[in-house]
There are 2 protein chains.
Amino acid sequence: MSTQERKQREKQQRREAILDAAENEIFAKGLDQATMDEIAERAELSKGTLYLYFRNKNELYMGLCERGSSLLNQRFAKVLTADRSGIELVRMLGETYIDFVRENPDYFRTFLYYESFDDEEELEQSEVACNCEDNVREAFTYTVRALQIGMQDGTIDDSRDPRQLALIIWGATRGIIKLSFMKETGHHLQVLEEVEGDFKTLYDRFQDIVLRGIAPSSEK
Amino acid sequence: MSTQERKQREKQQRREAILDAAENEIFAKGLDQATMDEIAERAELSKGTLYLYFRNKNELYMGLCERGSSLLNQRFAKVLTADRSGIELVRMLGETYIDFVRENPDYFRTFLYYESFDDEEELEQSEVACNCEDNVREAFTYTVRALQIGMQDGTIDDSRDPRQLALIIWGATRGIIKLSFMKETGHHLQVLEEVEGDFKTLYDRFQDIVLRGIAPSSEK
DNA sequence: TGATATGGATGACTGTCAGTCAGTAAATGA
DNA sequence: TCATTTACTGACTGACAGTCATCCATATCA
């Protein structure tokens with residue numbers, strides 16, 4: 001193999017090593033508390049080197065978002081191969097999502113961060129951010145596909161635009177999952193503690209309501 | 001009036017002046033870009049004085065959340081006085097919320113910030129944060145009340161726990177409103193641009209689905 | 001095998017900013 | 001008039017993200 005190739009591979013490995021170190025530090029202490037110096041030390045590199053691989057701290061954190069969203073997409077892709085009705089696929093996608101968040105709350109935090117990130121400028125020139133964007137688009141496409149299948153097989157009312165409906169379901173689901181996530185991670189909001197229902201229960205109830213809401217009218 | 005009282009009033013006025021300055025600076029530049037020095041300058045006070053009124057920058061920002069949530073609650077309270085069916089009240093609460101966010105996107109940002117804030121310690125000893133918490137609880141109570149009215153008057157299926165249902169609706173609504181908010185404020189996510197529907201349209205469609213989902217079964 | 005070129009890695013350094021605190025001034029009250 | 005309290009000030013500190021002149025290991029070639 002050529003020197004070129006070897007160098008390329010080494011570069012990739014180092015990048016992963018940096019991401020591993022960042023994951024350890026940031027997931028343990030939180031984004032604000034983790035410093036670039038500590039991440040560098042854990043990666044056994046100097047701080048300057050981190051900046052050869054990532055533009056800044058934001059981009060490094062988004063590298064973790066990229067990782068997490070790829071993992072989640074793998075699971076989504078698998079769901080879509082199942083031979084089920086459209087509405088069942090929608091339900092399964094939602095369950096996959098909430099299971100993922102329960103298992104990987106820290107990755108979910110990176111998603112929230114990425115979505116709320118505001119500096120357009122910085123995002124556009126970042127390859128990492130673009131990959132995150134692609135992953136979001138991919139996830140969205142899975143939802144659209146499941147809805148289309150449901151509209152075909154008659155398990156979902158077909159009078160709505162599937163893309164718009166996907167957006168609505170996606171947004172609402174995000175909201176519920178974030179709430180469950182807050183409830184589960186012992187968030188300060190007391191209201192959360194005072195209401196019954198754990199991570200999954202809340203989500204199941206929500207799903208019942210939505211799936212009922214998008215089912216075809218019974219009088220048809 | 002006593003000297004005591006006058007001082008008390010002056011203190012309150014100064015506090016408001018600081019909040020005004022913070023609002024101007026932070027809403028214009030964003031939380032990260034606005035500095036305490038600039039806020040102090042705009043308030044025509046020294047930086048040290050800001051710290052006599054607010055523990056730190058977070059708490060100052062939460063002061064804005066407190067303002068915003070109080071304003072929103074005033075609107076919610078008014079809705080609840082209307083002589084309407086429960087399901088209509090739920091719909092009106094949602095509309096009130098989305099109108100508020102459209103008019104005051106910057107206050108909405110403070111809500112998001114407060115809800116995602118993580119440092120339990122800091123929150124507990126902050127009076128400002130406690131007021132925010134109270135406001136959240138108040139808003140939540142309005143939703144519960146509307147649902148209970150609906151369960152009484154038969155416009156909402158009464159087999160669910162109204163508090164749990166309120167939490168679910170609240171979470172999902174938050175999710176949709178955040179999405180609309182992102183779409184409206186020109187967020188980077190391209191998926192948002194590619195789907196039809198503005199702020200209100202998305203929300204209306206969502207509401208149709210949910211209200212259909214929580215209506216009593218027609219075969220009853 | 002030694003000379004030279006290349007580019008990845010380094011870490012001391014800089015600028016910025018949140019937060020502090022010793023000191024000052026003004027108001028109050030004896 | 002003086003003592004005491006209270007409010008305010010702004011220079012200073014520490015922490016940290018991000019930079020850049022320099023170093024050094026390896027590749028390349030005579």
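Keep in mind that this is a model prediction, so the values were computed, not measured.
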Report yes or no: is the cationic atom of A/Arg102 (NZ for Lys, CZ for Arg) under 6.0 Å from the centre of the six-membered ring of A/Phe199, at an angle within 45° of the ring normal?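 Output yes; distance and angle both within limits.
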Tell me if a side-chain donor or acceptor on [X] pairs with a main-chain N or O of [Y] at a distance below 3.5 Å.
| X | Y | answer |
| --- | --- | --- |
| A/Tyr114 | A/Glu133 | yes |
| A/Asn104 | A/Tyr107 | no |
| A/Lys178 | A/Leu112 | no |
| B/Glu59 | B/Asn56 | no |

With sugar-phosphate meaning primed atoms plus P, OP1 and OP2, does B/Tyr53 contact a base, only sugar-phosphate, or nothing at under 4.0 Å between heavy atoms?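 Sugar-phosphate, backbone atoms only, no base.
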Hey, does A/Leu45 reach any base, or is it just sugar-phosphate, or nothing, if we go heavy atoms under 4.0 Å?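 Sugar-phosphate, backbone atoms only, no base.
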side-chain hydrogen bond (donor to acceptor under 3.5 Å, both in side chains) contacts in which one or both residues fall within residues 162-172 of chain A, not counting sequence neighbours: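 Qualifying pairs, neighbours excluded: A/Gln164-B/Arg205.
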Go along nucleotides 11-20 of chain D 5' to 3' and tag each nucleotide: B for a protein heavy atom under 4.0 Å from its base, S when only backbone or sugar atoms are that close, - otherwise. -----SBBB-
Set out, line by line, the N/O atom pairs under 3.5 Å between protein and nucleotides 28-30 of chain C.
unit_1	atom_1	unit_2	atom_2	d
C/dT28	OP1	B/Arg6	NH1	3.2
C/dT28	OP1	B/Arg6	NH2	3.0

OP1 or OP2 of D/dG10 under 4.0 Å from side-chain N/O of B/Ser46: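 So the side chain of B/Ser46 is outside the cut-off, no N or O lying under 4.0 Å from OP1 or OP2 of D/dG10.
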OP1 or OP2 of D/dC8 less than 4.0 angstrom from a side-chain nitrogen or oxygen of B/Arg14, does that happen here?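 It does, given that an N or O in the side chain of B/Arg14 lies less than 4.0 Å from OP1 or OP2 of D/dC8.
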Donor on one side chain, acceptor on other, A/Glu138 and A/Thr141, under 3.5 Å: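 No, no side-chain donor-acceptor pair sits under 3.5 Å.
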Can you check salt bridge (Lys or Arg N to Asp or Glu O under 4.0 Å) on A/Asp37 and A/Arg42, steps first, answer last? CA-CA 9 Å; A/Asp37 282 294; A/Arg42 187 182 278 255; over 6 Å; no
Tell me: [atom1] of [X] to [atom2] of [N], nearest whole Å?
| X | N | atom1 | atom2 | result |
| --- | --- | --- | --- | --- |
| A/Arg15 | C/dG8 | CZ | C1' | 17 Å |
| B/Glu59 | C/dG19 | CD | P | 11 Å |
| B/Leu60 | C/dA18 | CG | P | 11 Å |
| B/Glu10 | C/dA26 | CD | P | 15 Å |
| A/Gln12 | C/dG8 | CD | P | 14 Å |
| A/Glu41 | C/dG11 | CD | C1' | 13 Å |
| B/Lys11 | D/dT6 | NZ | P | 10 Å |

Could you give the distance from CD1 (A/Ile18) to OG1 (A/Thr49), rounded to the nearest 0.5 Å?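 A/Ile18 CD1 to A/Thr49 OG1: 7.0 Å, rounded to 0.5 Å.
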